[in-house]
Amino acid sequence: MNLPANKKLVTPRYQDIVHHDLPVRYEDGAEIRVISGFSGTTKSPTANYVPVTMVEIILREGYSVKQDFPADYNGFIYIISGSGTFGADNREGNAREVLWLSPSEEFASEVSMTAITNLKLLVIAGRPLREPVVARGPFVMNTNEELDQAFKDYRDGKFGNWEDTGG
């Protein structure tokens with residue numbers, strides 16, 4: 001995950017996210033497991049440096065559900081298994097396909113999903129950073145100079161190790 005420039009050097013942290021402990025929103029024919037962010041009024045306890053929505057949806061054949069998003073989020077739906085129709089244009093999607101979500105620049109939005117066959121999918125969305133991105137090795141920064149500094153800091157031992165940071 002890329003972080004905004006002002007969060008690039010935050011202390012790393014680890015969160016043990018156990019599938020069966022995550023909050024679940026239930027609708028008729030649907031189970032929405034909230035890994036990060038919100039689904040309706042159901043909120044994940046996951047602590048993020050930037051807001052991200054990640055939900056796993058299991059939808060029984062013939063049922064529909066909607067997932068809401070704050071204004072200007074974009075993202076994607078990965079269909080793990082099954083088939084369904086998605087969005088206002090009822091675009092069909094099938095297992096192992098990715099459907100891209102377009103952001104609503106000013107207003108909160110939602111995407112509707114209807115299962116043609118039993119459907120399992122993952123929805124991941126967030127606010128675009130709109131910052132330059134450069135990556136090399138394990139580092140993602142905004143400029144080549146920042147990358148060079150990150151490698152220098154790493155070589156100089158300024159990052160510590162995972163045991164020191166609780167990761």
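We're numbering straight along the sequence, starting at 1. From a predicted model like this one, the values you see are computed outputs, not experimental measurements.
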- ring pair (Phe, Tyr, Trp, His ring centres under 6.0 Å) involving Y78 - partner list, sequence neighbours excluded: none
- Query: With sequence neighbours left out, what residues match Y63 under ring pair (Phe, Tyr, Trp, His ring centres under 6.0 Å)?
  - Reply: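 None.
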- Value for CE (M54) from CD1 (I124), rounded to nearest 0.5 Å, stands at 4.0 Å
- Message: As an exercise, state the distance from CD of E92 to CD1 of I79, rounded to the nearest 0.5 Å.
- Response: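 Nearest 0.5 Å value for the CD-CD1 distance: 9.0 Å.
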Does anything in [range] form a salt bridge (charged side-chain N to carboxylate O under 4.0 Å, His left out)? List the pairs, not counting sequence neighbours.
range	answer
residues 24-46	R25-E27, E31-R33, R33-E56
residues 70-83	D72-R127
residues 73-82	none

- Can D156 and K152 be counted as an ion pair, charged N to O under 4.0 angstrom? yes
- Message: Among residues at least two apart in sequence or on other chains, which ones pass salt bridge (Lys or Arg N to Asp or Glu O under 4.0 Å) with R96?
- Response: none
- Mind checking salt bridge (Lys or Arg N to Asp or Glu O under 4.0 Å) for K66 and listing every partner two or more places apart, or none if nothing turns up?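 For K66, the residues satisfying salt bridge (Lys or Arg N to Asp or Glu O under 4.0 Å) (neighbours in sequence not counted) are E110.
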Distance-only donor-acceptor check, side chains [X] and [Y], under 3.5 Å:
X	Y	answer
T46	Q15	no
S44	S36	no
N118	S81	no

Is the shortest side-chain heavy-atom distance between [X] and [Y] below 4.5 Å?
X	Y	result
S64	S112	no
P4	V50	yes
I77	L122	no
Q67	I32	yes
V111	M113	yes

Do you know which two heavy atoms are closest between [X] and [Y], and how far apart they sit?
X	Y	value
S83	T117	N-OG1, 3.0 Å
V34	L22	O-CD2, 3.7 Å
G93	L99	CA-CD1, 4.4 Å
A47	R13	O-NH2, 3.1 Å
Y49	T11	OH-O, 2.9 Å

For [X], which residues count as a side chain to side chain contact (heavy atoms under 4.5 Å, CB included) partner, sequence neighbours excluded?
X	result
T85	N90, T114, I116
A135	V140
D89	R91
A5	E131, N142

- Task: Consider only side-chain heavy atoms of I, L, V, M, F, W and Y, link residues closer than 4.5 Å, and tell whether F69 and L121 are in one cluster.
- Result: yes
- State yes or no: do I17 and I80 share one hydrophobic cluster built from I, L, V, M, F, W and Y residues joined by side-chain heavy-atom distances below 4.5 Å, directly or via other members?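 Shared cluster, yes.
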- All pairs passing ring pair (Phe, Tyr, Trp, His ring centres under 6.0 Å) where residues 92-145 contributes a residue, at least two apart: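 For residues 92-145: F76-W100, F139-F151, F139-F159.
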- Task: For the pair N144 and R136, evaluate side chain to side chain contact (heavy atoms under 4.5 Å, CB included) and give the outcome as yes or no after the intermediate values.
- Result: CA-CA 9 Å; N144 282 316; R136 191 166 62 235; 4.2 Å; yes
- Item | Verdict with supporting geometry, Y73 and D68, side chain to side chain contact (heavy atoms under 4.5 Å, CB included) | CA-CA 10 Å; Y73 269 40; D68 52 324; over 6 Å; no
- Message: Test side chain to side chain contact (heavy atoms under 4.5 Å, CB included) on T42 and V24; report intermediate values, then the result.
- Response: CA-CA 7 Å; T42 304; V24 179; over 6 Å; no
- Item | Residue pair L119, I58: steps toward the side chain to side chain contact (heavy atoms under 4.5 Å, CB included) verdict | CA-CA 6 Å; L119 186 60; I58 298 172; over 6 Å; no
